[in-house]
Number of protein chains: 2
Amino acid sequence: MDTETRVGLLKPVGLFRSLNGAALTALAEAAREHVVPRGEAMFQQGDEATHGYVLAWGRVRLDQVTAEGQNIVIRHLGPGDMVGMVAVFRRMPFPATPVALEDCMALGWGAGRFAELMAAYPPIAQNAIAAVGGRIEELQSRLQEVATQRVEQRIAATLLRLANQAGRKTDAGVEIPFALSRQDLAEMTATTLHTVSRTLSAWDQEGVVDSRRSSHLVIRQPHRLVEIAGHA
Amino acid sequence: MDTETRVGLLKPVGLFRSLNGAALTALAEAAREHVVPRGEAMFQQGDEATHGYVLAWGRVRLDQVTAEGQNIVIRHLGPGDMVGMVAVFRRMPFPATPVALEDCMALGWGAGRFAELMAAYPPIAQNAIAAVGGRIEELQSRLQEVATQRVEQRIAATLLRLANQAGRKTDAGVEIPFALSRQDLAEMTATTLHTVSRTLSAWDQEGVVDSRRSSHLVIRQPHRLVEIAGHA
DNA sequence: CGCACGTTTGATGGACATCAAGGATTGTGG
DNA sequence: CCACAATCCTTGATGTCCATCAAACGTGCG
């Protein structure tokens, strides 16, 4: 892939907002391409954070396993999202494993090289803080959810969040454009696949969502979900 | 307070690590002092983030109220911690309210001025990212706890975390050096004060903690708490 | 004193995990 | 094209952790 194409990929990325052409070119030239086939991990939780990435195409699920072996889904990532950058800045091992849900391509930079680039182009750091701050807010709101809301509300909130981040509008409603098993949803909402299944079944029957027909879930009545999510 | 004293306060702050004297002096001169008496808030959740702060003395509890009026404790802050900085970077309203648990003093900077300083002294941005990354990790681990562990384990983990952040070693054990109501602990662990009370009562009787004698809780057998916290 | 506030402790119930078993869908090899 | 695994999903029965409801108890303070 040539530099120009890469610049085109980097331009709309939040992390690189308000950088001039020279900066983008420098970044593009320093980047290494990193192709990850569907189902594989970009790296493993616990690995040393030698490289940071920006996702160019595809979708990634960020998993974390607890000391006791339980799995929780931290978040989903799409094109333009940073992957592993925070760990690089902190010089700490990666705290989670990013698993490709589709064939993915990421651009990566070595830790040292990226630090140089960041020093040379200050807006990167500002953007990084803003991006990381966004994650904090999301985590805090999830913490609030798990702490104070019941399962049904959490599932609704999670579906809405996914729809916001990656939803595609169709005539039937909003479609979540990747496979999403009950197990996945359970790990996102801190519950079991059984409860998720029961809840979705009920919503299916009420016509709120369509989770049985295709492998991609469709939200048919977003306003109902909002209602459920907000109903203390 | 003169500039030199301020520089002394700023020097050990993580956010300003590896800054030279000139930078620290510039920061110290630009800072505004902000005294907050015990029990009052530094600012209110929802306020516009015009200033960011670094806590110089005292302890602060960071509260967030949900849309439904429930209160949850995000975290506790001590000397050297950033307060409201992330909101400033993001140009968003403050997402939480910091309440002084003791008489506090913070140094604050206006958003615009701080941005200038950050551009002039790049290490600040790097340190900020590292600090914010640390918060992310803490939030993720709390999310994991709330999602996968039971109340008793969460209370144990919370006490240990508080002891780590602010504990004082005494001959009787590790003391948590500020008042900590059952309600506070409940909001930190996502449970009710009733359950906290029951749990602490049990631990009191087993001699694991001493929560009844003084107003400051004392952990008498930290290893037992570690055991309880880790016991899946 | 008497009121306010935090705490303790008991009784009850409900939300949800767990246990259990069967059904649907997809892919694979004969 | 069918048999068969292998997954994933659904649905029922049971159990339990913990929230909720309720009431009494200490303790400090105006």
Side-chain angles (χ1 to χ4, degrees), chain A residues 38-39 61 66 68-73 99 101 144-159 176 178-206 209-218 228-229 231-232, chain B residues 38-39 61 66 68-73 101 145-158 176 178-206 209-218 228 231-232:
Chain A
R38 171 182 170 163
R61 192 189 59 218
T66 73
E68 294 97 38
Q70 287 205 55
N71 201 36
I72 74 169
V73 176
V99 178
L101 297 176
Q144 232 185 41
E145 279 171 22
V146 176
T148 66
Q149 306 194 324
R150 341 213 206 119
V151 169
E152 198 183 29
Q153 302 173 348
R154 302 205 298 266
I155 298 175
T158 301
L159 288 182
I176 290 173
F178 47 87
L180 188 67
S181 73
R182 314 286 145 134
Q183 180 67 39
D184 291 337
L185 263 175
E187 284 167 2
M188 278 184 259
T189 50
T191 180
T192 63
L193 76 162
H194 306 276
T195 304
V196 172
S197 179
R198 282 181 235 273
T199 307
L200 288 185
S201 289
W203 289 347
D204 250 321
Q205 291 196 345
E206 295 171 31
V209 303
D210 186 348
S211 70
R212 266 191 249 251
R213 301 226 161 276
S214 98
S215 65
H216 291 183
L217 188 145
V218 175
I228 294 171
H231 199 308
Chain B
R38 173 183 171 162
R61 191 188 60 217
T66 72
E68 294 96 38
Q70 287 206 56
N71 201 36
I72 75 168
V73 175
L101 297 176
E145 279 171 23
V146 177
T148 68
Q149 306 192 324
R150 337 210 210 128
V151 170
E152 198 182 30
Q153 302 173 354
R154 301 205 299 265
I155 298 175
T158 302
I176 290 173
F178 47 87
L180 188 67
S181 74
R182 315 286 144 137
Q183 179 67 37
D184 289 337
L185 262 176
E187 283 167 3
M188 277 183 260
T189 49
T191 180
T192 62
L193 76 163
H194 307 274
T195 303
V196 171
S197 179
R198 282 181 235 273
T199 307
L200 288 185
S201 290
W203 288 348
D204 250 321
Q205 292 195 345
E206 294 172 31
V209 302
D210 185 349
S211 69
R212 266 191 253 249
R213 300 222 164 279
S214 98
S215 65
H216 292 182
L217 187 146
V218 176
I228 294 171
H231 199 309

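Proteins come first, then strands; the chains are lettered A, B, ... in the order of their sequence lines, and each starts at number 1.
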Checklist outcome for this item: Going 5' to 3' through nucleotides 22-30 of chain D and flagging B where a protein heavy-atom sits under 4.0 Å of the base, S where only the sugar-phosphate is that close, and - otherwise, we get B--------

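One atom, CG of B/Leu193, and another, C1' of C/dT9, lie 12 Å apart when rounded to the nearest Å. Atoms CZ (A/Arg150) and C1' (C/dG13) sit 13 Å apart, rounded to a whole Å. If you measure from atom CD of B/Glu152 to atom P of D/dC18, you get 8 Å, rounded to the nearest angstrom. When rounded to the nearest whole Å, the span between CD of B/Gln149 and C1' of D/dT16 equals 18 Å. Residue B/Gln205 contributes atom CD, which lies 11 Å from atom C1' of C/dT9 at whole-angstrom precision. Regarding A/Trp203, its CH2 atom lies at a distance of 17 Å from the C1' atom of D/dT10, rounded to whole Å.
Counting any heavy atom pair closer than 4.0 Å across all strands shown, B/Ser197 reaches a base atom.
Here D/dT10 is the nucleotide among D/dT10, C/dC16, C/dT8 with the atom lying nearest to any side-chain atom of A/Ser201. In the set C/dC16, D/dC17, C/dT8, C/dC16 carries the atom at the smallest distance from any side-chain atom of A/Thr191.
Contact between the side-chain N/O atoms of A/Arg182 and the OP1/OP2 oxygens of D/dC8 is not found at any separation under 4.0 Å. In terms of phosphate contacts, A/Thr192 brings no side-chain nitrogen or oxygen within less than 4.0 Å of OP1 or OP2 of C/dT18.
A distance-only check finds no donor-acceptor pair linking the side chain of B/Arg212 to the backbone of B/Asp204 [under 3.5 Å].
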